[in-house]
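First comes the structure, then the notes that go with it.
Order of appearance sets the numbers: ligands from 1, and atoms from 1 within every ligand.
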Amino acid sequence: MLRRFFSYYKPYKKLFTITFISAIFVALLELAFPIIVNQVVDRLLPQGEISIIILACLALFVIYIFNSGAHYIVTYWGHILGINIETDMRRELFAHVQNLSYSYHDNNKTGHLLSNLTNDLFEIGEVAHHGPEDVFTAIMTLFGSFGVMLYINWQLAVITFIVVPLLTWIVVYCNRKMSGAMRLMFQRMANFNARVEDTLGGIRLVQAFANEKHEQKLFKEDNENFREAKIRSYKIMGVNNSLSYMMMRIMTLFVLLTGAYFMLQNQLSIGDFMAFILLTNIFFRPIEKINAIIESYPKGYAGFKRYLAIMDTEPEIQDRPEAEDVQGLKGNIQYKDVTFGYDAERPVLENIHLDIEQGETIAFVGPSGAGKTTLCSLLPRFYDVLDGDITIDGHSIKDITLTSLREQIGVVQQDVFMFSGTLRDNIRYGNLDASDEEVMEAARLAELEDFIQDQPDGLDTVVGERGVKLSGGQKQRLSIARMFLKNPPILILDEATSALDTETEAAIQRALEKLSVGRTTLVIAHRLTTIKHADRIVVITKEGIAEEGNHKELLAQGGHYSRLYNAQQTLI
Ligand code: ADP
Ligand code: MG
């Protein structure tokens, strides 16, 4: 894990080296003061020459100027290092999460991912900056001051250091406790974020059901849990701080006592005694620093662990090494003995055979939950078949790169997703390079032109979060316009007209018919009138494919289809 952490420093070797060297400077130059005091008191003062003392102070002054420069580098450049690493990790995480398959996103909350992208990575950045150099300089100062103490009076130095193992033990013990508490806190923070994201994302539903109180109760629970975890970690932090404070003061007392004793025995000069007191103070600083690292380290550690957990999740669906970029697909599709289930134990589709010809419009009908959407979502490999295979123009879809496969399949869903942005942004999602003329042409084909022209801002009209400012029919036509721009040879229309009133339905029906010309089209329809003219109709029930044929043939058969059709006719 440490190795992986350090691999992120690789692009910043220079920056790291400079801040590292500066940090060593800062640490070592700190030792100059007690040494010079020692010399002034024991050697220079007895000479009675003020000029030599002025010289010593001047030397110290120069050292301090140097050191303040080094301080600047450590603080500013060191943080740049942390920020760069954080930015790199965030970019990688975002890219990785985007590649994770539908099945991952089905089972994981967006809010959790959001926490990882923001909070966790911030903490990691902090540790990335402070971690190595602080640990190193703290150790340097520790050994440096101990070295000087040994040099001045080794007996006293050894006695002083007796307290160190105890101190270290307390610090290590607290670290472990802190780490656990922090992990819990972050987990609860992620839960809390997920809750907010979920509730505010569904705020219209919440208000429509007047369930604000209920949501507040759920929120309160998460909020309280978060509070509890946070309090716990601060409690441990408090114990940690007070214990280490106590240890350090005990040490000062200890040095005062033993130093005085050594002086009374004439084994220690005044200058040595002063230097010793000063050194113990310097010596505390790294211990305090290590303590501070110990406070920030568990946060970074817990965050990095969560980060790795996501980064190490392989996308279930990815290109085979031998997958090829296949362009110009015509759209001859074959389902060969396809079996699939979201859960391997409970197959939704079993041994499905289908032969779809280039340019054909094939409609799927049947009861809700029979697996129509599932059947279609196997084609762009949103999910992979458990058994059997699907081919397009003779290529198994697993041998085609995901990008080229999905570029050539257009999916229009009932529940159209809009990004907050303008009409232009949303239509152009079908082809990011399209010009305004092409966008308007697509809008015209999708029967959306009048609507856009009626808007004072035209294509610049903002659609609101998830397109709340548009009606269902407008969103639907917008998604059809997107598809005209994308212009794929294969089209999947999943209940694209089922949520609409009859007038818009007619407009959308016209747009869809235009759209499917010259393309292999898979339609899932709820209203059977919309698919009467399909080349072929396939009835899917929970048992699999029940009937197959065109409208007339199926009516004549007098099976599922004719019963469904007649039932819908009487409704109208
Ligand atoms: P249809 O489109 O015919 O109404 P679906 O293909 O949406 O049916 O669903 C078929 C079955 O698969 C249903 O029992 C449904 O609950 C289940 N299902 C659909 N999507 C998922 C999913 N993402 N994860 C698990 N089960 C799912
Ligand atoms: Mg469906």
Side-chain angles (χ1 to χ4, degrees), residues 97-110 112-113 194 198 201-202 313 315-317 333 335 337-354 356 361-388 390 397 402 406 409-417 472 475-476 479-480 483 490-500 505 508 512 521-531 534 536-548 554 559-561 563-565 567-568:
V97 165
Q98 285 213 36
N99 283 328
L100 289 174
S101 313
Y102 270 38
S103 55
Y104 180 85
H105 293 288
D106 285 351
N107 294 315
N108 287 278
K109 293 181 181 171
T110 322
H112 281 175
L113 295 172
D198 214 30
T313 309
E316 258 177 59
I317 294 172
I333 300 164
Y335 280 68
D337 207 13
V338 168
T339 297
F340 174 77
Y342 294 94
D343 165 0
E345 264 89 73
R346 289 187 297 130
V348 177
L349 302 166
E350 271 181 292
N351 308 103
I352 298 287
H353 281 279
L354 266 178
I356 306 168
T361 293
I362 182 165
F364 299 99
V365 299
S368 161
K372 304 180 294 293
T373 300
T374 307
L375 182 78
C376 290
S377 63
L378 296 177
L379 191 61
R381 286 187 75 199
F382 293 146
Y383 302 90
D384 267 345
V385 297
L386 292 180
D387 205 10
I390 302 174
I397 52 174
L402 273 180
R406 290 180 182 170
I409 301 176
V411 186
V412 179
Q413 277 149 342
Q414 176 181 8
D415 163 23
V416 179
F417 193 91
K475 280 195 267 193
Q476 200 58 259
S479 76
I480 294 170
M483 220 38 84
I490 299 166
L491 202 58
I492 296 171
L493 308 173
D494 191 348
E495 309 207 75
T497 56
S498 63
L500 308 168
E505 185 184 323
I508 289 174
L512 286 175
T521 310
L522 285 68
V523 196
I524 300 172
H526 191 60
R527 297 205 199 162
L528 302 185
T529 46
T530 60
I531 49 145
R536 190 155 41 123
I537 297 167
V538 176
V539 181
I540 297 186
T541 64
K542 294 221 159 79
E543 281 71 46
I545 295 179
E547 291 169 22
E548 215 175 319
L554 290 182
H560 284 284
Y561 183 80
R563 274 199 300 280
L564 266 175
Y565 186 78
Q568 288 195 1

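Side-chain atoms of Thr541 come within 3.5 Å of backbone N or O of Glu543 as a donor-acceptor pair. Remark: the backbone N or O of Val416 is not paired with any side-chain donor or acceptor of Gln476 at under 3.5 angstrom.
With sequence neighbours left out, Asp198 forms a side-chain contact (heavy atoms from CB on, under 4.5 Å) with no residue at all. Residues passing the ring pair (Phe, Tyr, Trp, His ring centres under 6.0 Å) test with Phe340 are Tyr342, Tyr383, sequence neighbours excluded. Under the rule for a side-chain contact (heavy atoms from CB on, under 4.5 Å), the partners of Phe382 that lie at least two apart in sequence or sit in another chain are Tyr102, Ser377, Pro380, Arg406, Val411.
Excluding waters, the set of protein N, O or S atoms lying under 2.8 Å from the Mg ion (ligand 2) comprises Thr373 OG1.
Contact check for Ile362 versus Leu354: side-chain heavy atoms found under the 4.5 Å cut-off. Looking at Ile333 and Leu522, their side chains come closer than 4.5 Å, going by heavy atoms from C-beta outward.
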Working for side-chain contact (heavy atoms from CB on, under 4.5 Å), residues Val538 and Val365: CA-CA 6 Å; Val538 176; Val365 299; over 6 Å; no
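Residue-environment remark: CZ (Arg346) stays at or below the threshold of 12 foreign heavy atoms within 6.0 Å.
Near Thr374, meaning under 4.0 Å from any of its heavy atoms, are these atoms of ligand 1: 5 (P), 6 (O), 9 (O), 10 (C). Near Val348, meaning under 4.0 Å from any of its heavy atoms, are these atoms of ligand 1: 10 (C), 11 (C), 12 (O). Listed by atom number, the atoms of ligand 1 under 4.0 Å from Tyr383 heavy atoms are 23 (N).
The single protein non-hydrogen atom nearest to atom 7 (O) of ligand 1 is Thr373 CB, 3.7 Å, given as residue, atom name and distance. For atom 23 (N) of ligand 1, the nearest non-hydrogen atom of the protein is Asp106 OD2, 3.0 Å. Remark: minimum distance from atom 10 (C) of ligand 1 to any protein heavy atom is reached at Gly369 O, 3.5 Å.
In summary, the side chains of Thr339 and Glu350 do not present any donor paired with an acceptor at a separation below 3.5 Å, with no hydrogens or angles considered.
Relative to atom 27 (C) of ligand 1, the option among Phe340, Tyr342, Phe382 with the closest non-hydrogen atom is Tyr342.
Residue Gly371 has at least one nitrogen or oxygen atom sitting less than 3.5 Å from a nitrogen or oxygen atom of ligand 1, judged on distance alone.
Taking a distance limit of 4.0 Å, we find that atom 16 (O) of ligand 1 is approached by no protein heavy atom.
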